[in-house]
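Start at 1 with the first residue, then count along the sequence.
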Amino acid sequence: MGEHVIVACDKELNAARDGVSFNFTQTGYMLLPTQITLPENVEKFLDSGKPPVYIGFGSNPVRV
């Protein structure tokens with residue numbers, strides 16, 4: 001794993017356990033910057049009031 005491991009998971013979701021036997025830094029989720037912009041109507045919606053609440057299920061596949 002190397003001399004120093006990066007744990008890219010939020011502490012609130014899954015903190016590294018006490019007594020881990022290797023050096024690590026827990027960074028939280030890492031998101032790369034994007035050059036993609038939102039459509040103008042979406043930007044207007046987001047700017048029009050309080051921030052909306054989004055609840056998603058991430059990449060959990062649903063098999064039918």
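- Applying the side-chain hydrogen bond (donor to acceptor under 3.5 Å, both in side chains) rule to Thr25 yields the partners His4; only residues at least two apart in sequence or on another chain are considered.
- Residue pairs satisfying the salt bridge (Lys or Arg N to Asp or Glu O under 4.0 Å) criterion with at least one member in residues 23-42, sequence neighbours excluded, are listed as follows: Glu40-Lys44.
- In terms of heavy-atom proximity, Cys9 sits nearest to Asn14 at SG-CB, 3.7 Å.
- Residue Val53 is found in a hydrophobic cluster whose other members, listed by chain and number, are Ile55; membership requires side-chain heavy atoms under 4.5 Å apart, directly or through intermediates.
- Grouped by direct or indirect side-chain proximity (heavy atoms under 4.5 Å, Ile/Leu/Val/Met/Phe/Trp/Tyr only), Ile6 sits with Met30.
- Enclosure of atom CZ in Phe24 by more than 12 non-hydrogen atoms of other residues, nucleotides or ligands within 6.0 angstrom is indicated.
- Side-chain contacts under 4.5 Å among hydrophobic residues (ILVMFWY), followed directly or transitively, place Leu31 together with Tyr29.
- Both Leu38 and Phe45 are members of a single hydrophobic cluster when ILVMFWY side chains are connected at heavy-atom separations under 4.5 Å.
- Pairs passing the salt bridge (Lys or Arg N to Asp or Glu O under 4.0 Å) check and including a residue from residues 47-58, sequence neighbours excluded, do not occur.
- Between Leu46 and Pro52, the shortest heavy-atom contact is CD2-CG, 3.7 Å.
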